[in-house]
Student: 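I'd like to ask some things about the structure below.
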Amino acid sequence: MIRFEPRSNPGPVLVYGVPVFAAIFAILLAAIPLALAGAPIIDAYGLMITGAFGSVFSTSEMLTRATPLILTGLAAAIAFRAKLWNIGAEGQLYMGAMAAVVVGTGVIDGPSWVMIPAIMIAGALAGALMLIGPTLLKTRMGVDEVVTTLLLNFIVLLFVQMMLEGALKDPMSMGWPQSEPIIDSAILPPLLERMRVHLGLIIALVAASGLAVFVKRTVWGFEIRAVGENAAAAKFSGISVTKTMILVAALSGGLAGLAGVSEVAGTRGYLATDLSPGYGYAGIVVAMLARLSPVGVIISALFVASVFVGADSMSRAIGVSSYLADLIVAMSLLCVLIGGFLTRFKVRFDRKKTAG
Amino acid sequence: MSSAAHSSHKTSPELLLQLAGITKKFGPLIANDAIDLTVHKGEIVALLGENGAGKTTLMNILFGHYVADEGTVTVTNRDGNLEHLEPGAPQAALDAGIGMVHQHFTLAENLSGLDNIVLGTEPIFRLRRDRTAARTKLADLMSGSGLNVDLDQPVHKLTVGEKQRVEILKALYRDARLLVLDEPTAVLTPQEADSLFVILRQLAATGLSVIIIAHKLAEVLAVSHRIAVLRGGKKVGEMQTSDADHRSIAELMVGREVPVSRRTERVPGAPVLRLSDVTIDRGDARRSLHGVNLTACEGEILGIAGVSGNGQAALAQLLAGLDKPDSGTVEIFEAIVTKFDAHQFAQNGIARIPEDRHHDGMVGSMSVAENIAIEDVRSKDYQKFGFLDFAAIRKRAEQAIKDYDVRCPGPDASARLLSGGNIQKLILARVLEKSPKLILANQPSRGLDVGAQSEVHRRLLEARQNGAAVILISEDLDELLTISDQIAVIHAGHVSKAIPTDAIDRSELGLMMAGQTKTDTQQAPTSNTIHPGETP
């Protein structure tokens, strides 16, 4: 018989070691599908590593991919900290991107130090508003935010599609449903010559450290932690749960919106409906792998991005489906969840003994 | 403590249960340390101990929920032979005739008493149910024991005392030979408790053995034959009840002398809190108040007695600033309250001690220091430009830990590591340190051990001495009678006039708690299921 006994106080080795171990374990597990696909396993791992870290270019690609993941990961982390289950980062990302396009395609013009903050604020605001709505429904009427935010993703995507076929359509796009390009002064400049990694990475890193300080050291962060851990006690002590939730919604939606800004103004240059291959959803995984820690989000986003980029390039080289990347990411999430359980509980195997 | 006086009324009847050398460790914590316990046929054994003394662990081992690291459980089987109980097998315990009545009942509210009792004992693959056999058996059980309940009523229509009887019948119907009752009187009025004791005595006389887990000493002395006291996982004493007295058991439980808190004379001052005709109607008796009038003065403890679920929650929510009245006025410090807001209340010098200290009183994952400062983080003392002043927060916590003797690894430890008593000390430190003028104490000592209880009482009396008005909501009559100046009774959302404690007696209080007004007003209905007064 198997039984689970709670651990009184898991040590730091367990708390920090388990996610790392889970990630490594998941990568090792990937050997099974690789073997099933008939690929040379050792070579495949080698190709994955060189694909993500083998050259300045591949590392730049990996960092480019990590940038939106850090931002959507932070969006999920802060929301989940407060037990606001924001599944709508994908929609908030697109709204942020669309706001950046509206502001950044020539309506106003100015130097970069005006334009970049302008599109960032516009994108963050749009993302924030997208989440404040469902949050108000939750606090006022008890509407489940998982449902509303998830469904809003589809509504937003269709709305974006509609706009790209209509008001926002680039007349020069030869019929493609895409927006006009972001003007040069609003483009997030690349960090390296002829590489794609751009200013968005710095913004994401600043956001992560800012959020870490915010949560740990400010009154609002204190209230967010209190509401998230025990809303009843927070309420009893006089903290307004509604106000705190709205603050969290603004932060979370805003960060997801920034991810959209960073993609549209840093990586792509224009808006199309394939802007995000599910960064909003992947952000949830990133946040869970990071155990909702803002600094941890950076590390887990880098991990997820390298798996994606590495597996992509490996699959091209040896002809294995690139879905392997999704598989590894999903397996590491499962491993982390199981690991999290094992940090909290001890497993005991009792042998059935006969009485006597 | 010796068990020398063995002769009195029982000349060693046959042994039913023997726990020998039971040891159970959870990591470094020794929950049970070589505990021996025997129960004979027809004997009522009280298992006494503070929280964390190991009572629950021991019972969980008996029921096979835990496996003991060392030691054996032996039961006399129905043929009269001693038999080891298979460890870790709840079914074995049930088969051996061990039944448990939990503190929180495990009844399906929408089914009748009969349904609940036979549930799980009937074969599934039969289309028709024949319950005549069950009814005959239950009728026998009821007439033999005095456990009278209308078994055809759905359970939600029964009073708490009746539900408990259904639970006991459920165990007896399954041929229990040993009944374990976990804190059986926690939810009962004094009269209901007394009648439970009569029933238990009768059952014991017919040969049933009973283990009662308790921490109220007076009850234990009233009902049990023998008392076993646990402390810190060890059995520290065992005695015949006839040889025991209140004080010696209390000291045995706590391991040191327990200071008794007593009120000193004090003339109450000006009114601090006045409720006039306050009505809160939430369509549910436990969350409603009907035309409540109440005055509490400086330097006075006003006790609110009542069986749980009679509107105490509504009163507490109101005074905590979490709810506002539908009609009527609340005056605090001679000003009518217009804004009911927990933050405002806390900042205006109202100390609020929540009923459920784990659920409403602390954030487990936050540190002790953060939990102490939680009401005041927005004040200038603890933040600058929105950034928390951790030095100030920690300094306050260090002081509070010292002053209130909060046992914890330090101000940075997670609050979840604290025991119930220490959480309560933490909450007292949080709210009393600001010398409040009005204190709402909702069940402040419930579930606490004797030592922590006396500490809570001492603090409340000290605050009273310093001029605070204290509203003490409690279900523990001993507590109310010991420290309150006046007592009002709450029943079905109505609050009686406050009566000076010195002019009150227990049975009168018990009747009022059951909804019967003794003299002055109209003769109220007899059963406590019927609510006097319609909702307006």
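In what follows, every chain begins at residue 1, and chains take the letters A, B, ... in the order their sequences are listed. Keep in mind the model is a prediction, meaning the values are calculated, not measured. Excluded from the calculations below are hydrogen atoms, water molecules and symmetry mates; all remaining heavy atoms, backbone and side chain alike, are included.
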Student: When rounded to the nearest 0.5 angstrom, what distance separates CD in E229(A) from CD in E370(B)?
Tutor: 10.5 Å
Student: With side chains defined as the heavy atoms from C-beta onward, is the minimum distance between H359(B) and F236(A) less than 4.5 Å?
Tutor: no
Student: How long is the span from the CZ atom in F387(B) to the CZ atom in F214(A), to the nearest 0.5 Å?
Tutor: 9.0 Å
Student: Looking at G238(A) and H343(B), what are the two nearest heavy atoms and their distance?
Tutor: O-CB, 3.2 Å
Student: A side-chain contact here means heavy atoms from C-beta on lying under 4.5 Å apart; do V219(A) and Y382(B) qualify?
Tutor: no
Student: Which answer fits I374(B), side chain, backbone, both or neither, if we ask what part of it has an atom under 4.5 Å from a heavy atom of chain A?
Tutor: both
Student: As an exercise: rank N371(B), T72(B), D360(B), L322(B) by heavy-atom pairs under 4.5 Å with chain A and give me the winner.
Tutor: D360(B)
Student: Of all the heavy-atom pairs spanning R217(A) and F390(B), show the shortest one and how long it is.
Tutor: NH2-CD1, 3.1 Å
Student: Taking G228(A), A231(A), G221(A), A232(A) one by one, which has the highest count of heavy-atom pairs under 4.5 Å against chain B?
Tutor: A232(A)
Student: Could you tell me whether the side chain of V363(B) reaches within less than 4.5 Å of the side chain of R225(A), counting heavy atoms only?
Tutor: no
Student: Measure distances from M366(B) to the heavy atoms of chain A and classify the residue's part below 4.5 Å as side chain, backbone, both or neither.
Tutor: side chain
Student: Got a sec: does the NZ of K434(B) have more than 12 other heavy atoms crowding it under 6.0 Å?
Tutor: yes
Student: So which of R357(B), R378(B), E375(B) has the largest heavy-atom pair count under 4.5 angstrom toward chain A?
Tutor: R378(B)
Student: Counting only heavy atoms not in K235(A), do more than 12 sit closer than 6.0 Å to its NZ atom?
Tutor: no
Student: Would the number of heavy atoms belonging to other residues, nucleotides or ligands and lying under 6.0 Å from CZ of F25(A) be above 12?
Tutor: no
Student: Taking C-beta and beyond as the side chain, do I239(A) and V377(B) meet within less than 4.5 Å on heavy atoms?
Tutor: no
Student: Are more than 12 heavy atoms from other residues, nucleotides or ligands located less than 6.0 Å from atom NZ of K83(A)?
Tutor: yes
